Every structure is written in C-alpha cells, then in structure tokens.
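Some notes on the structure that comes next.
Predicted model only: the values in this text are computed from it and were never measured.
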Amino acid sequence: ALQAMYELMVEYRVAVPDAEAAAAKMLEATIGQLGHLVGQCEDAQEERTATFTEAIETAIGQLRTRADELHAQSDDPALLDGDTEHDEAIGLLERLEVETESLAADSARYLAYQETLRLPTTRYDDIEALQATLKLKGGMWRGLDEWSARVAAWSEAPFVSLDTGAMQAELNRFLKVIAQCDKGLPANSVLPRLKSKVATFRSVVPVVVALANEALKEHHWRQIEEVL
C-alpha cells in the first residue's frame with residue numbers, strides 16, 4: 001500500500017526526494033517480511049494447538065480408564081460386608097478417595113484447557129458417580145465409630161453438662177446419613193449395624209431432653225424418683 005502511494009505520486013509527477021523513495025521501498029520490504037513471519041507464526045500456532053488438543057484427548061482417555069478401575073475397586077464386596085475389619089475398610093476407602101480426588105483435579109484442569117482453546121468440553125459423570133459412591137460408603141463405615149464415640153462421650157459426661165440441642169442435631173445428621181445410604185447403596189450387612197446403634201440411642205434422646213427441661217421443679221424430680 002505504501003509503495004502504491006509512491007507510484008501514484010510518481011505517476012502524477014509529485015516530487016519525492018530520492019532518500020524518502022528509498023526508505024519507502026525498504027519499509028515496504030520490511031512490512032512484507034513481517035507479514036510472512038506472522039503467517040508462519042499463525043501456522044505454527046495452529047500446529048501447536050492441534051498437538052496440544054491431541055495430548056488432552058489422550059490424557060482424558062487415560063483418566064477415564066483409571067476412573068473405571070477405581071470404580072471397580074469401589075465395588076469390592078468387602079465394603080458391603082459387616083464382617084470386614086473396620087480398619088481394612090477405612091484404609092481401602094481412604095486410598096480410593098485420595099485417587100478419586102486426584103482424578104477430579106485432573107478433569108477440572110483438562111476442562112479449563114478445553115475452554116481456553118475453545119474446544120468442545122468433556123463431561124465427567126463417571127468421576128462424579130464414583131465420588132458419590134465413596135461418600136456414601138465412607139459415611140456408612142465412619143459412622144459406626146463416630147456414633148459410638150458420640151454416645152460414649154454423652155454417657156460419661158455429667159448430666160447437667162449435656163447439650164441436648166447438639167445431641168438432637170447429631171442424631172438428625174446420622175439419620176440423614178442412614179437414609180442416604182439406604183437409598184444410594186445396594187443391600188449390605190454394614191448399614192444395619194449403624195441403624196441399630198442409632199436406633200438404640202434414638203429412643204433415649206427424648207427422655208434426656210425432657211429431663212434437661214429447666215422448668216422441672218423439686219416435686220417433679222421426686223415424682224421421677226418414685227417412678228424409677
């Protein structure tokens with residue numbers, strides 16, 4: 001374009017100093033070289049993007065394979081068997097949870113790459129399903145020890161120090177865990193143990209709440225003692 005302008009100036013006999021004409025030709029050549037370099041960079045960018053896209057797709061395939069392996073391990077019958085040693089079950093669950101969280105972090109990173117490169121994004125329903133399964137099984141197995149620890153602490157504490165509101169909240173939390181496991185897990189011999197433990201204490205909580213009522217007077221306590 002710059003050279004064309006100078007050619008028009010020559011055609012219409014507009015005086016152009018030799019030095020400026022030479023500089024214009026050099027600038028035109030430089031612009032041409034720059035355009036060539038830009039084209040090369042664009043070609044290289046497309047090639048690098050294609051290579052990176054292929055690498056992402058390969059990594060996603062490997063991730064899915066590992067997710068399938070972990071899902072198979074999470075179906076280990078030992079995790080649904082009430083006779084499995086508690087520490088053994090917790091150890092297996094913790095390993096699966098760590099590896100699954102690592103896969104989830106990788107999937108989030110691959111998704112970010114795809115969004116940056118404006119590629120179709122991949123859904124990871126398999127990893128989400130695995131996380132949900134492990135959450136249920138982990139809640140069930142950990143609930144056995146956690147509930148026993150709660151009950152032991154309440155049983156050993158002075159009656160006047162008991163926080164009945166906290167007790168009720170904990171009871172509700174464990175009932176929710178049981179309901180979720182009932183709905184989301186296949187029949188097993190672990191959950192009934194947790195249900196039994198919670199049910200035993202569940203019947204006691206209303207009594208504790210009633211006895212902790214600040215409205216109780218001395219004559220009420222005498223009546224209670226007579227009944228007992």
Side-chain angles (χ1 to χ4, degrees), residues 60-108 111 122-159 161-212:
I60 290 174
Q62 294 171 343
L63 182 148
R64 289 202 181 284
T65 298
R66 185 54 183 156
D68 289 342
E69 293 171 352
L70 292 179
H71 213 296
Q73 293 175 36
S74 75
D75 287 336
D76 189 326
L79 293 177
L80 297 176
D81 186 351
D83 291 330
T84 301
E85 289 293 329
H86 186 270
D87 289 347
E88 177 188 344
I90 293 298
L92 175 56
L93 285 167
E94 287 179 345
R95 179 180 65 77
L96 291 173
E97 288 165 349
V98 168
E99 293 195 47
T100 300
E101 287 309 306
S102 177
L103 289 186
D106 287 342
S107 68
L111 180 61
T122 303
R123 290 182 58 85
Y124 297 96
D125 296 336
D126 47 353
I127 295 179
E128 292 177 3
L130 178 57
Q131 287 176 310
T133 295
L134 292 176
K135 182 179 180 182
L136 291 176
K137 292 181 178 179
M140 179 175 66
W141 276 101
R142 292 186 178 99
L144 291 171
D145 268 7
E146 289 178 6
W147 180 255
S148 294
R150 296 289 190 282
V151 172
W154 293 329
S155 300
E156 295 169 6
F159 184 80
S161 70
L162 292 177
D163 184 340
T164 56
M167 291 176 66
Q168 187 64 56
E170 280 295 280
L171 174 61
N172 291 341
R173 183 171 74 86
F174 277 87
L175 289 174
K176 181 178 180 181
V177 168
I178 290 171
Q180 291 173 335
C181 291
D182 242 341
K183 182 179 180 181
L185 293 178
N188 62 84
S189 56
V190 183
L191 190 58
R193 292 174 55 195
L194 180 59
K195 284 182 178 180
S196 177
K197 287 188 173 188
V198 174
T200 298
F201 196 81
R202 184 181 187 181
S203 60
V204 175
V205 172
V207 177
V208 175
V209 172
L211 292 177

Just wondering, do [Y] and [X] contact through their side chains at under 4.5 Å, heavy atoms?
X      : Y      : result
Asp83  : Ser189 : no
Arg64  : Thr122 : yes
Asp145 : Ile90  : no
Leu191 : Leu185 : no
Leu130 : Asp126 : no
Asn188 : Met140 : yes
Thr164 : Gln168 : no
Leu96  : Lys137 : no

What's the spacing between [X] [atom1] and [Y] [atom2] if we round to 0.5 Å?
X      : Y      : atom1 : atom2 : result
Leu70  : Gln131 : CG    : CD    : 11.0 Å
Asp106 : Glu101 : CG    : CD    : 11.5 Å
Leu171 : Lys176 : CG    : NZ    : 14.0 Å
Ser107 : Glu128 : OG    : CD    : 8.0 Å

Polar side-chain atom of [X] near backbone of [Y] as donor-acceptor pair, under 3.5 Å:
X      : Y      : answer
Arg193 : Gly82  : yes
Thr84  : Leu79  : no
Trp147 : Leu194 : no
Thr200 : Ser196 : yes
His86  : Trp141 : yes
Thr65  : Gly61  : yes

Arg142 and Glu97: salt bridge (charged side-chain N to carboxylate O under 4.0 Å, His left out), yes or no, with the steps? CA-CA 13 Å; Arg142 292 186 178 99; Glu97 288 165 349; 2.8 Å; yes
Assess whether atom CZ of Arg202 is packed by more than 12 heavy atoms of other residues, nucleotides or ligands within 6.0 Å.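 Check fails, neighbour count at 12 or below.
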Would the number of heavy atoms belonging to other residues, nucleotides or ligands and lying under 6.0 Å from CG of Asp125 be above 12?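 Buried by this count: over 12 neighbours within 6.0 Å.
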Passes side-chain contact (heavy atoms from CB on, under 4.5 Å), Phe201 versus Arg150? Steps please. CA-CA 10 Å; Phe201 196 81; Arg150 296 289 190 282; over 6 Å; no
Any idea which heavy atoms bring Leu80 and Pro186 closest together, and the distance?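 Shortest heavy-atom separation between Leu80 and Pro186 comes out as CD1-CG, 3.6 Å.
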side-chain contact (heavy atoms from CB on, under 4.5 Å), that's the test. Do Arg95 and Gln73 meet it? Break it down for me. CA-CA 10 Å; Arg95 179 180 65 77; Gln73 293 175 36; 2.7 Å; yes
Evaluation steps, side-chain contact (heavy atoms from CB on, under 4.5 Å), between Lys197 and Val151: CA-CA 9 Å; Lys197 287 188 173 188; Val151 172; over 6 Å; no
Kindly indicate, with the supporting measurements, whether the criterion side-chain contact (heavy atoms from CB on, under 4.5 Å) is fulfilled by Val190 and Leu144. CA-CA 9 Å; Val190 183; Leu144 291 171; 4.0 Å; yes
Using a strict cut-off of less than 4.0 Å between a Lys/Arg side-chain nitrogen and an Asp/Glu carboxylate oxygen, indicate whether Glu99 and Arg66 qualify as a salt bridge.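 Looking at Glu99 and Arg66, the cut-off is met.
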